[in-house]
Amino acid sequence: MSHTTRPDGIIIALDGPAGSGKSSTARAVAARLGYRHLDSGAFYRAITLAALRAGIHPDGWPRLTPDQLDRLDVHGRPAERGYTMTIGGQDVGGEIRSYQVNAHVSRMAAIPAVRAWLMDALREAGARGGLVADGRDIGTVVFPDAELKAYLIADAEERARRRLREQGVADPPLEEVRAEAALLQGRDAIDSGRETAPLRQADDAVVIDTTGLSFDQQVERIVALARERCGVDPHEQIP
Ligand code: CDP
């Protein structure tokens with residue numbers, strides 16, 4: 001039994017800067033607990049991709065209306081353990097990680113109307129609990145009442161190295177690592193500096209520095225917190 005009145009279990013909020021390993025960690029924690037995973041960044045990425053595909057110039061994005069956003073036809077289709085992002089009904093899971101989207105997503109995510117438009121979809125996904133959600137403002141704005149909040153940080157070069165490895169560069173040269181770190185830090189600066197829902201640690205979040213941790217260790221750290229603080233049984237399944 002977990003300590004919550006939500007029917008499917010607690011909500012775990014994982015926030016942190018770009019490349020801190022939130023999404024992969026959230027997916028693995030969700031699998032351990034039999035929970036669903038909500039990758040909120042994937043929604044911002046899919047909207048960005050849809051606007052780019054529709055040929056809407058980034059200078060015009062701040063004027064997007066809710067109707068225009070609806071017409072972009074972006075949806076998170078519930079999948080077995082998470083959500084599959086679709087545009088016009090087509091799975092765009094791979095394309096939302098492209099360089100093009102990386103370069104533009106923080107600009108889209110800084111627009112208050114876009115954030116407001118998405119909020120309902122994100123809250124709806126969490127209505128029953130049993131969820132591990134990751135992003136920038138999950139513990140502060142989307143689910144301020146989440147039972148467990150963790151804020152993942154890591155040294156910028158370490159984050160860059162992980163991101164490059166994820167993209168298939170086994171042993172990236174230092175120059176490439178530094179260039180990638182600069183890109184990540186650029187995104188962090190926009191995400192932390194924006195007025196609406198900036199990236200910041202919730203007062204009641206546990207900070208986990210993953211720089212010296214292996215992936216399995218960071219997953220275990222969160223699973224242990226869920227067990228110790230919230231009474232979640234790691235083998236608990238959604239009924
Ligand atoms: O995986 P990575 O940390 O690179 O990024 P992500 O979680 O996929 O998020 C991509 C971008 O979406 C971020 O840089 C933010 O600009 C935005 N985002 C946000 O503003 N709020 C969230 N809850 C999640 C993502």
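The figures that follow rest on heavy atoms only: side chains count, while hydrogens, waters and symmetry mates do not. One is the number of the first residue; the rest follow in order along the sequence. Read the numbers this way: they start at 1 and go in the same order the structure lists the ligands and their atoms.
Remark: Asp188 does not engage Arg136 in a salt bridge, criterion side-chain N to carboxylate O under 4.0 Å.
Near ligand 1, residues Ala18, Gly19, Lys22, Ser40, Gly41, Tyr44, Arg45, Arg97, Val105, Ser106, Ala109, Arg115, Gly135, Arg136, Asp137, Arg163, Arg187, Asp191, Arg194 come within 4.0 angstrom through at least one heavy atom.
Counting heavy-atom neighbours within 6.0 Å of Arg229 CZ, excluding the residue itself, gives a total of 12 or less. By the neighbour-count criterion of 12 heavy atoms within 6.0 Å, atom CG of Asp171 is sparsely surrounded, having that number or fewer from other residues, nucleotides or ligands.
With a 4.5 Å cut-off on side-chain heavy atoms, Asp8 and Arg36 count as touching.
Side chain of Lys149 to main chain of Gln201: no donor-acceptor pair is present (N/O by atom type, distance under 3.5 Å, no hydrogens or angles). Looking at Arg159, its side chain does come within 3.5 Å of a backbone N or O of Ala18 through a donor-acceptor pair.
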